[in-house]
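Worksheet: the structure to be examined is printed underneath.
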2 protein chains.
Amino acid sequence: MEEIDRAIVAALTADGRLSYTDLAERVGLSVSAVHQRVRRLEQRGVIKGYAARVSFEAMELPLTAFVAIRPFDPSQPDDAPERLAHLPEIDSCYSVAGEDFYLLLVRVASPADLERVLQAIRTAANVTTRTTVVLSTAYEGRPPKISAGPPTRGRGRAVGEGTGSTAG
Amino acid sequence: MEEIDRAIVAALTADGRLSYTDLAERVGLSVSAVHQRVRRLEQRGVIKGYAARVSFEAMELPLTAFVAIRPFDPSQPDDAPERLAHLPEIDSCYSVAGEDFYLLLVRVASPADLERVLQAIRTAANVTTRTTVVLSTAYEGRPPKISAGPPTRGRGRAVGEGTGSTAG
DNA sequence: GTTGAAAGGCTTACTTT
DNA sequence: AAAGTAAGCCTTTCAAC
């Protein structure tokens, strides 16, 4: 991916409602060129969509927890993600290496709600749960490192890049 | 928070670039009324901003890991989040209950990068790390449960319904 | 792939109810 | 708080380099 595409993605990650006019000014291209690049980024799946970032506290979901799950019977078919997808309190579901099978990010309104969701998780996926309650969120969903060049691969140098030293 | 505000937040969570015209049609209000409500939601901090959702694979960050950290010396001042904030590979930083002090979500390009970031985390915050590698992401950042009413029975207080004056 | 221009649509503010 | 109107800017498409 080119440097300009990276700049576009970085800008839209920071502000998803940037106008094409502002975007064009930032990356130093015409409005039409920027528009075409954004459309291609969307079609290629680099940009998957746009979303408003909401305050979970304001949305009455002040309690966040990580729930590591492990099946009661490891010989059973492992389809926990699908069996849990119907629970809207589950924000994310990761298949992980280590002692546990999956790691869930859960957002609820209260400890009572957390208890209810944990019970629902256990019964829906036939798993044991190990829960880590989040006390506070220092930061979350920070924009990824999108700078001038590729982080590790040596496939090509970006425009204006000097040496091939690793980015810090 | 009112039902219409919930509908607005839900719609903008699913599609952050919805026009006010479309939004007005969805919630059954005029464009002006919707515009005013969105501005108030933004000013109250319910809507914190807008962001493009990007594919981390496409951004050359295919490796995700959770890093639980614990200080070498628990008597030292605990300012790990600030000491780690300069590392762009850290997506999120949660203060957690349990055996560990913080849980980090890290996104990197390769195992070599992960090693480098882990070393940087240890030296920057003077902590030990316990890393859980993500094998696959079933789903991530799902829209929170924003339906008609409060999630738990009765007791929940809506934002902005509090007593007394509100800043802004 | 980039640029420039034009038509249509959207945002925003103001006014009214 | 909600609706209507108008001005200005943006989005989107089309043609040209």
Side-chain angles (χ1 to χ4, degrees), chain A residues 1-54 58-59 146 148-150 155-161, chain B residues 1-54 58-60 146 148-150 157-168:
Chain A
M1 191 158 61
E2 299 176 8
E3 181 182 352
I4 294 177
D5 282 341
R6 290 179 178 278
I8 290 173
V9 171
L12 288 178
T13 303
D15 183 358
R17 294 199 94 168
L18 264 181
S19 69
Y20 292 110
T21 305
D22 291 344
L23 208 49
E25 243 180 81
R26 285 206 195 188
V27 304
L29 255 62
S30 68
V31 174
S32 303
V34 164
H35 189 195
Q36 187 172 340
R37 279 174 179 267
V38 170
R39 287 183 66 175
R40 284 189 59 193
L41 287 169
E42 291 170 351
Q43 287 175 353
R44 282 163 50 196
V46 177
I47 294 176
K48 292 191 293 184
Y50 303 87
R53 297 186 297 106
V54 302
M59 292 310 297
I146 305 170
R155 192 185 138 236
R157 275 186 304 179
V159 181
E161 188 180 342
Chain B
M1 191 159 61
E2 298 176 8
E3 182 180 354
I4 294 179
D5 282 341
R6 290 180 177 277
I8 290 173
V9 171
L12 287 177
T13 303
D15 183 358
R17 294 200 93 167
L18 265 180
S19 68
Y20 292 111
T21 306
D22 290 345
L23 207 49
E25 243 179 83
R26 285 207 194 187
V27 304
L29 254 63
S30 69
V31 174
S32 304
V34 165
H35 190 197
Q36 187 174 342
R37 278 175 179 267
V38 171
R39 288 185 67 175
R40 285 187 59 192
L41 287 168
E42 290 171 350
Q43 287 176 351
R44 283 162 49 193
V46 177
I47 295 176
K48 293 192 293 185
Y50 303 87
R53 297 186 297 108
V54 303
M59 292 312 295
E60 299 171 3
I146 306 170
R157 176 170 60 83
V159 178
E161 279 183 26
T163 61
S165 60
T166 308

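In what follows, chains carry the letters A, B, and so on, assigned in the order in which the sequence lines appear, proteins first and then strands, with residues in each chain numbered from 1. Owing to the predicted nature of the structure, the values given are computational and were not obtained by experimental measurement.
The distance from the CG atom of A/Leu12 to the OH atom of A/Tyr20 is 7.5 Å, given to the nearest 0.5 Å. For the atom pair B/His35 NE2 and B/Ile8 CD1, the distance stands at 11.0 Å (nearest 0.5 Å). Distance check, rounded to the nearest 0.5 Å: CG of A/Leu41 to CZ of A/Arg6 gives 11.0 Å. For the atom pair CG (A/Leu18) and CG (A/Leu23), the distance works out to 6.0 Å, reported to the nearest 0.5 Å.
If you measure from atom CG of B/Leu23 to atom C1' of C/dT11, you get 13 Å, rounded to the nearest angstrom.
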Protein-to-nucleotide contact annotation, 5' to 3' order, nucleotides 1-8 of chain D [B base; S sugar-phosphate only; - none; under 4.0 Å, heavy atom]: SSBBB---

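For residues 12-21 of chain B, proximity to DNA chain C is found at B/Ser19, B/Tyr20, B/Thr21, defined as any non-hydrogen atom under 4.0 angstrom from a strand atom.
Contact annotation: A/His35 reaches the phosphate of D/dT12 (side-chain N/O to OP1 or OP2, under 4.0 Å).
The side chain to side chain contact (heavy atoms under 4.5 Å, CB included) check on B/Ser30 picks up B/Ser32, B/Ala33, with sequence neighbours excluded. By the side-chain hydrogen bond (donor to acceptor under 3.5 Å, both in side chains) test, B/Arg37 pairs with B/Glu2, B/Asp5, sequence neighbours left out. Under the rule for a side chain to side chain contact (heavy atoms under 4.5 Å, CB included), the partners of A/Ala10 that lie at least two apart in sequence or sit in another chain are A/Ile146.
For residues 17-34 of chain B, there are no salt bridge (Lys or Arg N to Asp or Glu O under 4.0 Å) pairs, not counting sequence neighbours.
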